[in-house]
Amino acid sequence: MTESAYVAVAQVPAVLGDVAHNLAAMGGWMKQATEKGAKLLVFPECYLSGYMFESRDDAYASAIEQGGLELEQVRLLCAEHSLEVVVGFLERVGPKLYNVAAVIGPNGVTGIHRKRHLPFLGADRFVDEPEGIDVSVFDTAVGKVGVAICYEIRFPEVSRTLALAGADFIALPTNWPVQSVLLADYFTRVRAAENFVFFLVANRADSEGDADFLGKSQIIDPLGNVIVNAGTDDGILVAAADVDRARNKTIAFKAGEFELSPWKDRRPATYRLD
């Protein structure tokens with residue numbers, strides 16, 4: 001019998017442009033996750049910075065540098081609570097501005113995913129599209145974690161690429177507004193089931209600017225079953241994850257007679273159009 005990994009998502013509010021406030025609140029949420037046994041905690045999209053900016057200048061002013069004191073403070077919190085986190089923020093690199101989610105642990109930043117698929121909404125109206133095609137899958141204490149951000153769930157190639165690269169979990173920090181019910185109720189389950197991965201979705205249920213966020217943060221198993229769903233309540237959701245289930249890409253309804261192997265049965269050469 002395999003040992004379960006305990007993972008968590010944070011459905012928590014943030015204050016637009018107030019990185020210090022959001023950082024201060026972060027420690028309390030991490031403490032709650034640790035007390036519930038979690039080893040990995042996913043925060044919402046742009047949690048540290050806020051999202052509903054009305055200009056690039058305002059967004060840039062609230063952005064964080066990778067080598068800055070803010071991420072060092074997150075590292076110290078991770079060390080204090082023996083926890084790894086996936087946390088979203090706006091990142092500045094010289095004149096460039098990116099919407100990112102970083103995997104951070106007691107030893108520092110493990111990796112950063114920069115959002116490539118950008119809707120015309122909130123801060124994404126002003127951020128830059130990143131260069132490169134690196135796949136955002138990172139080693140953590142609970143297994144391999146792939147990272148995508150919010151709108152990227154609409155592109156099945158993103159989740160499939162992360163799964164093909166070995167992800168056991170896909171962390172999806174989001175800022176889904178109330179208009180995104182379809183994504184929360186159906187896309188999450190389909191992406192988990194079609195890739196046999198755990199999906200860790202962290203959204204907000206508060207308001208910012210003219211956006212009312214949907215909530216429905218959730219943890220979904222590799223067969224598409226919703227283990228926990230936050231609804232519209234703020235707080236920390238924790239679930240046990242049998243990582244071996246994410247590495248077993250088959251379904252055996254009746255061994256030797258009725259088995260499905262969608263992973264093995266893929267035919268990539270037939271999926272291209274010239």
query = Less than 4.5 Å apart, any side-chain heavy atom of I149 and any of H113?
reply = yes

request  = Establish, from distance only, whether the side-chain atoms of H117 and E157 form a donor-acceptor pair under 3.5 Å.
outcome  = no

request  = List for me each residue that meets salt bridge (charged side-chain N to carboxylate O under 4.0 Å, His left out) alongside D134, sequence neighbours excluded, and say none if there are none.
outcome  = none

Linked, directly or transitively: F138 and V197 (ILVMFWY side chains, under 4.5 Å) = no

message = I need the minimum non-hydrogen distance between F126 and L97, along with the two atoms involved.
response = O-CD2, 4.1 Å

ask   = Could you walk me through whether K216 and V181 pass the side chain to side chain contact (heavy atoms under 4.5 Å, CB included) check?
value = CA-CA 9 Å; K216 294 197 175 188; V181 173; 4.1 Å; yes

task = Determine whether E259 and I251 make a side-chain contact, defined as any pair of heavy atoms from C-beta on separated by less than 4.5 Å.
result = no

request  = Answer yes or no: is there a side-chain heavy-atom contact under 4.5 Å between L200 and L40?
outcome  = yes

same_hphob_cluster(I64, I112) at 4.5 Å side-chain heavy-atom cutoff = yes

key: Side chain proximity check, F196 to N248, heavy atoms < 4.5 angstrom   = no

ask   = Roughly how far, to the nearest 0.5 Å, is the CG atom of L83 from the CG atom of L41?
value = 5.5 Å

message = I'd like to know whether CZ of F155 has more than 12 heavy-atom contacts from other residues, nucleotides or ligands below 6.0 angstrom.
response = yes

ask   = Between Q11 and G231, is there a donor-acceptor pair closer than 3.5 Å when you use the side chain of the first and the backbone of the second?
value = yes

query = Given D124 and K115, is the salt bridge (charged side-chain N to carboxylate O under 4.0 Å, His left out) satisfied, shown in steps?
reply = CA-CA 9 Å; D124 284 325; K115 189 175 182 181; 2.6 Å; yes

key: For the student: nearest non-hydrogen atoms of V85 and V74, plus distance   = CG2-CG1, 3.9 Å

message = Name the residue from V103, V86, D168, V7 that meets the side chain to side chain contact (heavy atoms under 4.5 Å, CB included) definition with T140.
response = V103

query = CG of D210: more than 12 outside heavy atoms within 6.0 angstrom?
reply = no

query = Would a distance-only check, ignoring hydrogens and angles, find a side-chain to backbone donor-acceptor pair under 3.5 Å from N195 to R191?
reply = yes

query = If two hydrophobic side chains count as joined below 4.5 Å and joins carry through other members, does I227 share a cluster with V145?
reply = yes

inquiry  = Quick one: does any side-chain atom of Q218 pair with a main-chain N or O of A184 as donor and acceptor, under 3.5 Å?
reply    = yes

ask   = Would L162 and I153 show up in the same hydrophobic cluster when neighbours are defined by side-chain heavy atoms closer than 4.5 Å?
value = yes

message = Measuring from atom CZ of R114 to atom OG of S136, what distance do you get when rounded to the nearest 0.5 angstrom?
response = 10.0 Å

ask   = Could you go step by step and tell me if Y98 and V127 meet the side chain to side chain contact (heavy atoms under 4.5 Å, CB included) rule?
value = CA-CA 5 Å; Y98 301 109; V127 301; 5.6 Å; no

task = For residues P13 and Y47, report the shortest heavy-atom separation together with the two atoms involved.
result = O-CE1, 3.5 Å

ask   = Are any of the side-chain heavy atoms of V15 and N22 separated by less than 4.5 Å?
value = yes

task = For K31, enumerate each residue passing the side-chain hydrogen bond (donor to acceptor under 3.5 Å, both in side chains) test, keeping only those at least two apart in sequence or located in another chain.
result = E35

inquiry  = Which heavy atom of F198 sits nearest to which heavy atom of D242, and what is that distance?
reply    = CE1-O, 3.3 Å

request  = Ignoring hydrogens and angles, tell me if any N or O in the side chain of T34 forms a donor-acceptor pair with the backbone of H81 under 3.5 Å.
outcome  = yes

note = Sorted by chain and number, sequence neighbours left out, salt bridge (charged side-chain N to carboxylate O under 4.0 Å, His left out) with R189 holds for none

task = Could you tell me whether the side chain of K96 and the main chain of E91 form a donor-acceptor pair under 3.5 Å?
result = no

remark   = Closest heavy-atom pair, N175 versus R204, reported as atoms and distance to 0.1 Å, is ND2-CD, 3.3 Å

task = In sequence, state the C-alpha distance, the side-chain angles, and the governing distance for F53 and L90, and then conclude on side chain to side chain contact (heavy atoms under 4.5 Å, CB included).
result = CA-CA 11 Å; F53 292 98; L90 295 176; 3.7 Å; yes

ask   = Is the backbone of L121 close enough, under 3.5 Å, to the side chain of Y51 for a donor and an acceptor to pair up by distance?
value = yes

ask   = For the side chain of E129 and the backbone of L118, is there at least one donor-acceptor N/O pair under 3.5 Å apart?
value = no

inquiry  = Within this structure, what is the CZ-OG1 distance for the pair R75 and T110, rounded to the nearest 0.5 Å?
reply    = 11.5 Å

ask   = Is the shortest heavy-atom distance from the side chain of R266 to the side chain of L164 under 4.5 Å?
value = yes

ask   = If you round to the nearest 0.5 Å, how far is CZ of R116 from OH of Y151?
value = 15.5 Å

query = Just wondering, are more than 12 heavy atoms of other shown residues or ligands nearer than 6.0 Å to CD1 in I133?
reply = no

request  = Apply salt bridge (charged side-chain N to carboxylate O under 4.0 Å, His left out) to R56 and D128, showing your working.
outcome  = CA-CA 10 Å; R56 183 180 172 100; D128 297 299; 3.0 Å; yes

query = If we ignore angles and hydrogens, is there a donor and acceptor under 3.5 Å between the side chains of S217 and N203?
reply = no

key: Straight-line distance of F89 CZ to S62 OG, nearest 0.5 Å   = 13.0 Å

Short side-chain to backbone donor-acceptor contact, R160 and A163, under 3.5 Å = no

key: Neighbour count above 12 (heavy atom, 6.0 Å) for F187 CZ   = yes

message = One pair to check against side chain to side chain contact (heavy atoms under 4.5 Å, CB included): M30 and C78. What are the steps and the verdict?
response = CA-CA 8 Å; M30 291 171 69; C78 289; 3.8 Å; yes

key: Distance (rounded to the nearest 0.5 Å) between D234 CG and D206 CG   = 6.5 Å

query = Mind checking whether F169 and V201 sit in one hydrophobic cluster, side chains of I, L, V, M, F, W, Y counted as touching below 4.5 Å?
reply = no

message = Looking at every heavy atom in both P173 and A148, which two are closest together, and how far apart are they?
response = CD-O, 3.1 Å

key: Main-chain N/O of G122 paired to R125 side chain as donor or acceptor, under 3.5 Å   = yes

